[in-house]
Number of protein chains: 2
Amino acid sequence: MSHSMYACLMTVDREQVLRTAAALLTRKATATMDEVARAAGIGRATLHRHFAGRDALVRALEALGLQECEAAVAAARLDEDSAEQALRRLIAEVEPVSGLLAFLVTENQLFEGEQVNEGWARIDAAVAALFRRGQERGEFRIDLTPAWLTEAFYGLVGSCAWAVQDGRVAGKDFPYMIAELLLGGARRSVEK
Amino acid sequence: MSHSMYACLMTVDREQVLRTAAALLTRKATATMDEVARAAGIGRATLHRHFAGRDALVRALEALGLQECEAAVAAARLDEDSAEQALRRLIAEVEPVSGLLAFLVTENQLFEGEQVNEGWARIDAAVAALFRRGQERGEFRIDLTPAWLTEAFYGLVGSCAWAVQDGRVAGKDFPYMIAELLLGGARRSVEK
DNA sequence: ATCGAATGAGACATTGATGTCTCAGAAGCG
DNA sequence: CGCTTCTGAGACATCAATGTCTCATTCGAT
């Protein structure tokens with residue numbers, strides 16, 4: 001049995017477990033390691049073999065979310081077209097990660113003093129740069145700082161993810177509602 | 001020593017402890033009962049005498065936040081003036097509670113199945129009614145549902161509270177940033 | 001100043017989650 | 001089939017937070 005095959009199987013399992021854990025923890029942030037294991041259809045011991053502990057699991061989830069966010073940012077081609085079109089692409093790309101993202105945001109509040117993965121700074125910078133580009137192009141109003149617009153973006157994505165999960169808004173409207181609300185606010189209005 | 005004087009003193013202490021607990025838990029949602037007690041400058045035993053347990057403390061905080069939110073809603077007079085002005089008043093009134101509100105929102109996600117205080121439904125209804133009124137008056141666009149606008153309102157308030165607390169945005173701009181972003185999106189634009 | 005209530009500090013048992021370990025069984029491979 | 005590896009279940013020990021209790025002290029009212 002070759003190492004590569006092992007690695008492949010392990011990786012697939014890891015990936016699957018992570019997905020399930022993400023889905024569960026998004027719904028119930030305080031889920032037990034045992035609950036996570038049950039949800040993933042594996043034993044607690046096996047879960048421990050893959051992830052040294054709860055911290056490691058959360059870190060792995062953070063890495064997964066970060067990776068997918070970076071992929072979303074890359075796929076959205078934030079520096080092409082108008083800033084508005086780029087933002088719409090970003091929202092659409094980020095939708096599948098929104099639940100995990102919402103979980104990680106609340107989880108990061110617990111880390112408090114601990115260092116957060118520096119990867120998020122890159123995402124932040126990319127999103128803020130998009131808003132700045134929109135301002136420089138005259139598309140977006142300049143009285144709302146890119147930093148605030150970035151925060152608002154995260155906030156709306158998280159709120160919408162949770163609202164959808166809770167059945168308060170329709171999931172199919174996700175991209176439209178966020179884009180319209182955020183763009184309507186960010187886009188310069190002729191009547192101002 | 002009369003009962004009423006006892007009650008008075010107790011209430012004052014309770015209030016102060018609750019404020020401190022709110023401030024601490026807003027920053028660190030996982031703070032220990034001991035940490036809460038230290039922060040309030042009292043002993044753990046005393047804290048326990050006032051609030052039977054952590055649950056009771058959180059419930060009391062929920063009651064406090066709810067009470068202040070209802071006061072904010074009442075003070076904002078949501079059914080007077082234009083919907084826009086009413087919304088601006090609401091945002092201004094809600095600002096002092098925003099931190100506690102953000103904490104309670106994330107905390108409520110943990111309650112999961114358990115019943116949430118029905119008082120929040122009243123707040124939700126009042127805010128949603130404001131957005132509906134704005135739509136009926138032709139001030140707000142009708143393609144974004146009141147339910148979503150209400151969610152977005154909470155999301156932006158929470159995001160802003162956290163961003164301010166983290167120093168990413170200036171606290172003095174709180175009302176302006178939320179109002180402008182939310183209204184800009186909710187307000188019907190002539191170019192649409 | 002004195003009495004009674006409230007407090008703070010600490011000891012203690014309890015609970016729940018975690019992490020580690022073992023062992024028998026299943027699944028892969030030759 | 002026989003071997004190795006991985007897995008699942010469970011039995012522990014550990015640890016942190018919680019809740020309860022006692023007791024000496026402090027505070028406030030009279």
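As a basis for the values below, the full set of heavy atoms in this structure was taken, side chains included, without hydrogen atoms, waters or symmetry mates. Per chain, numbering begins at 1; letters A, B, ... match sequence-line order.
Per the geometry, NE2 belonging to H48(A) stands 7 Å off P belonging to dT18(C), to the nearest Å. Protein atom CZ of R54(B) is 23 Å distant from nucleotide atom P of dT14(C), rounded to whole Å. If you take CG of D34(B) and C1' of dT20(D), they are 15 Å apart, rounded to a whole angstrom. Atom P of nucleotide dT18(C) and atom CG of D55(A) are separated by 10 Å, given to the nearest angstrom. Computed from coordinates, the L47(B) CG to dA17(D) C1' distance equals 13 Å when rounded to whole Å. For the pair F51(B) CZ and dG19(D) P, the interatomic distance rounds to 13 Å; values are reported in whole Å.
The side chain of I42(B) approaches dG8(C) more closely than any other nucleotide in the set dG8(C), dT20(D), dT18(D). Residue H50(B) has its side chain nearest to dT7(C) when only dT20(D), dA11(D), dT7(C) are considered. Of the listed nucleotides (dT18(C), dT7(C), dG8(D)), dG8(D) has the atom at the smallest distance from the side chain of A45(A).
Electrostatic pairing of R19(A) and E15(A) counts as a salt bridge here, judged by a charged N lying under 4.0 Å from a carboxylate O. Residues R141(A) and E180(B) are paired through a salt bridge, judged by an N-O separation under 4.0 Å between the basic side chain and the carboxylate. With respect to the salt-bridge test (charged N to carboxylate O, under 4.0 angstrom), the residues D34(B) and R38(B) qualify. The pair E80(B)-R89(B) does not meet the salt-bridge criterion, since no charged nitrogen lies less than 4.0 angstrom from a carboxylate oxygen.
Axis angle, first five pairs versus last five pairs of the helix from dA1(C)-dT30(D) to dG30(C)-dC1(D): 30°, rounded to 10°.
Under the 3.5 Å distance criterion, with hydrogens and angles disregarded, a donor-acceptor pair is assigned to the side chains of W120(B) and E62(B).
For R137(B), the salt bridge (Lys or Arg N to Asp or Glu O under 4.0 Å) partners are E139(B), not counting sequence neighbours.
Nearest-nucleotide assignment on DNA chain C puts the 5′-proximal partner with R38(B), out of R38(B) and G53(A).
Two residues are said to be in side-chain contact when any heavy atoms from C-beta on lie closer than 4.5 Å; W148(A) and D173(B) fail this criterion.
Interface remark: the R49(B) side chain does form a donor-acceptor pair with the dG8(C) base, using a distance-only criterion of under 3.5 Å. Judged by distance alone with a 3.5 Å cut-off, a donor-acceptor contact links the side chain of R44(B) to the base of dG19(D).
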